[in-house]
J.: 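Quick one: the structure is below, and I'll ask about it shortly.
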Amino acid sequence: MPLALLALAVGAFGIGTTEFVMMGLLPDVAGDLRISIPTAGHLVSAYALGVVIGAPLLAAATARMSRRKVLIALMLLFVAGNALSALAPDYNWLLAARFLSGLPHGAFFGVGAVVATSLVAPERKARSVSLMFLGLTVANVVGVPVATLVGQQLGWRATFLGVSVIGVLAVVSLALLVPRDGTHAPAAGLRGELAALGSLPVWLGLGTTVAGFGALFAAYSYITPMLTDAAGYADSSVTLLLALFGVGATAGNLLGGRLADRSMRGTLFGGLVSLAVVLALFPVLMGTEWSAPLAVVLLGTAAFVTSTPLLLMVMEKASSAPSLASSANQAAFNLANAGGAWIGGLALAAGLGVTSPALVGAGLAVLGLGVAGVAYVVDRRQVPVSRAGGERVVTSHVPEHADSVHH
């Protein structure tokens, strides 16, 4: 695998750290800025809103630029957003800075996925994407706990300064390791890219992302009360247990990349089925101290097995606009974050029990499986099929940079 993937992983590590660290720093930020914790929670929403808005807009605006230069520019914007967060004099400034920090998130992963797949042979494309996302999953194991500890000991502003330093390291890595040639997007034009993004298979892929990862966040958003109230763990143990989720996500991400190079759609279906089963078993697994950590690991593994095939399928279906499609998939991921948490919260508010959000998540995983099934049927009808020598021969368009994976 080329060293350029390391540069992408460094950027992903910084992005993953700044996205999730705010959850652990909310009490510190609220106390320092003299606001309530629910008000401080809007800082998480501001980042997510930046991702949803920035992902398609920045990808479309930079479609004809050198992808290497786009990645560097996006990471510089990321550095600026986090530095301004550290220097924010009040809540409103911090809210704006968090929104700014989220803007480059989706576009970075979108453009980065296209660059990653263009650097390797066709049979290694899924693994190349999974290695870029390795930075995101490792951030949950190492980056977020360390950044949270730094914030608690040295102040939350020190955390965002540290994340800015990671961003600078990513800029240097991108400048040194991503090749100058072969990273330009085809000049399809904005209208052509938007037309490619508007096709039914692309929207079915994005819908699968929203439902599948909505299943994850319906449960994960309330994992702490499950561990304390259902499994009986002390609050002090939760941080370590959440690191186990990162371990599972890392394993699932790497496994999904390897399996998707063999069968992209089979990996997606298998991952969604596994996710539904794990979530359905959550009320049982959360009933004892020994099985609860297993549930956390399995949740991360089952959910992130699907991340690479989902991304590559969306890129494949929008072959003339892979960067825009990949960025839109990141926006869908963040919609899943917000929507899944909201739906899981409805189950809790209805008094259905502390593990009820997991059962809601199981239902969403089944919904995602259904959407993926519809996408498969649509694919079968749209792709010309001929028979030669008794074998099925499927003919499909292979986009520039070979952004599709045959299945």
J.: Given side chains that start at C-beta, do those of Leu119 and Val115 come closer than 4.5 Å, heavy atoms only?
T.: yes
J.: Which value, rounded to the nearest 0.5 Å, describes the distance between Glu19 atom CD and Asn140 atom CG?
T.: 8.5 Å
J.: Using a 3.5 Å distance criterion without hydrogens, assess whether the side chain of Thr355 forms a donor-acceptor pair with backbone atoms of Pro283.
T.: no
J.: Quick check: do Leu71 and Val171 have side-chain heavy atoms less than 4.5 Å from each other?
T.: no
J.: I need the Leu227 CG to Tyr233 OH distance, nearest 0.5 Å.
T.: 8.0 Å
J.: Could you walk me through whether Phe213 and Leu216 pass the side-chain contact (heavy atoms from CB on, under 4.5 Å) test, one step at a time?
T.: CA-CA 5 Å; Phe213 277 97; Leu216 165 66; 3.8 Å; yes
J.: State, yes or no, whether a side-chain contact exists between Ser356 and Leu348 at a heavy-atom distance under 4.5 Å.
T.: yes
J.: For residues 104-115, which residue pairs qualify under side-chain hydrogen bond (donor to acceptor under 3.5 Å, both in side chains), counting only residues two or more places apart or in two chains?
T.: Tyr47-His105
J.: How long is the gap from OG1 on Thr117 to CG on Leu312, to the nearest 0.5 Å?
T.: 7.0 Å
J.: Under the salt bridge (charged side-chain N to carboxylate O under 4.0 Å, His left out) definition, can you give me all pairs with a residue in residues 148-162, not counting sequence neighbours?
T.: Asp32-Arg157
J.: How about Phe78 and Phe108: are their ring centroids closer than 6.0 Å?
T.: no
J.: Judged by atom type as modelled, is there a donor-acceptor pair below 3.5 Å linking the side chain of Ser173 to the main-chain atoms of Ala7?
T.: no
J.: Taking the side chain from Arg67 and the backbone from Val111, do they hold a donor-acceptor pair closer than 3.5 Å?
T.: no
J.: Say whether, by atom type as modelled, one donor and one acceptor occur between the side chain of Ser36 and the main chain of Thr39 under 3.5 angstrom.
T.: yes
J.: Please report the interatomic distance CG(Asn334) to CG(Leu49), rounded to the nearest 0.5 Å.
T.: 10.0 Å
J.: With sequence neighbours left out, write down each residue that passes side chain to side chain contact (heavy atoms under 4.5 Å, CB included) with Ala30, or none if nothing qualifies.
T.: Ile35, Ile37, Ala40
J.: Measure the acute angle between the ring planes of Phe269 and Tyr376, then classify it against the limits of 30° and 60° as parallel, tilted or perpendicular.
T.: perpendicular
J.: Thr267 side chain to Leu259 main-chain N or O, any donor-acceptor pair under 3.5 Å?
T.: yes
J.: Does anything in residues 275-289 pair up under salt bridge (charged side-chain N to carboxylate O under 4.0 Å, His left out), and if so which pairs, sequence neighbours excluded?
T.: none
J.: Looking only at heavy atoms, what is the nearest atom pair of Pro179 and Arg68, with distance?
T.: O-CD, 3.6 Å
J.: Show the nearest heavy-atom pair for residues Ser164 and Ala83, with the distance to one decimal.
T.: OG-N, 3.1 Å
J.: Under the criterion side chain to side chain donor-acceptor pair (under 3.5 Å), I'd like the reasoning laid out for Arg98 against Thr18: C-alpha separation, chi angles, the key distance, then a yes or no.
T.: CA-CA 9 Å; Arg98 288 297 290 169; Thr18 200; 3.1 Å; yes
J.: Among residues at least two apart in sequence or on other chains, which ones pass side chain to side chain contact (heavy atoms under 4.5 Å, CB included) with Leu154?
T.: Val150, Ala158
J.: Measuring from atom NZ of Lys69 to atom CG of Leu174, what distance do you get when rounded to the nearest 0.5 angstrom?
T.: 14.5 Å
J.: Measure the shortest side-chain to side-chain distance between Leu206 and Val202 over non-hydrogen atoms and say whether it is less than 4.5 angstrom.
T.: yes
J.: Could you list the residues that satisfy side chain to side chain contact (heavy atoms under 4.5 Å, CB included) with Leu240, not counting sequence neighbours?
T.: none
J.: Closest approach of Ser327 and Ala107, non-hydrogen atoms and distance?
T.: OG-CA, 3.4 Å
J.: For the ring pair Phe333 and Phe217, is the centre-to-centre distance below 6.0 Å?
T.: yes
J.: Would you say that Val354 contacts Tyr222 through its side chain, given a criterion of any heavy-atom pair below 4.5 Å between the two side chains?
T.: no
J.: Quick check: do Thr137 and Phe133 have side-chain heavy atoms less than 4.5 Å from each other?
T.: no
J.: Do side-chain atoms of Asp261 reach the backbone of Ala126 as a donor and acceptor pair under 3.5 angstrom?
T.: yes
J.: If you compare all heavy atoms of Ser101 against all heavy atoms of Gly81, which two are closest, and at what distance to 0.1 Å?
T.: OG-C, 3.0 Å
J.: What are the two closest non-hydrogen atoms of Leu311 and Ala113, and how far apart are they?
T.: CD2-CB, 3.7 Å
J.: Taking the side chain as everything from C-beta on, heavy atoms only, tell me whether Leu94 gets closer than 4.5 Å to Trp156.
T.: yes
J.: Could you please spell out the steps behind the side-chain contact (heavy atoms from CB on, under 4.5 Å) verdict for Val29 and Met22?
T.: CA-CA 9 Å; Val29 173; Met22 182 57 77; 4.2 Å; yes
J.: Would you mind reporting whether Leu299 and Leu279 have side-chain heavy atoms less than 4.5 Å apart?
T.: yes
J.: Measure the OG1-CG distance between Thr301 and Leu244 for me, rounded to the nearest 0.5 Å.
T.: 10.5 Å
J.: I'd like to know whether Thr208 forms a side-chain contact (heavy atoms from CB on, under 4.5 Å) with Leu272, so could you lay out the CA-CA distance, the side-chain angles of the two residues, the decisive distance to 0.1 Å, and finally the verdict.
T.: CA-CA 10 Å; Thr208 306; Leu272 288 171; 4.1 Å; yes
J.: Before giving the answer on side-chain contact (heavy atoms from CB on, under 4.5 Å), spell out for Ile15 and Met75 the whole-Å C-alpha distance, their side-chain angles and the decisive distance to 0.1 Å.
T.: CA-CA 9 Å; Ile15 288 174; Met75 193 48 58; 4.2 Å; yes
J.: Grab the two heavy atoms, one from Leu134 and one from Asn253, that are nearest each other, plus how far apart they are.
T.: N-ND2, 3.4 Å
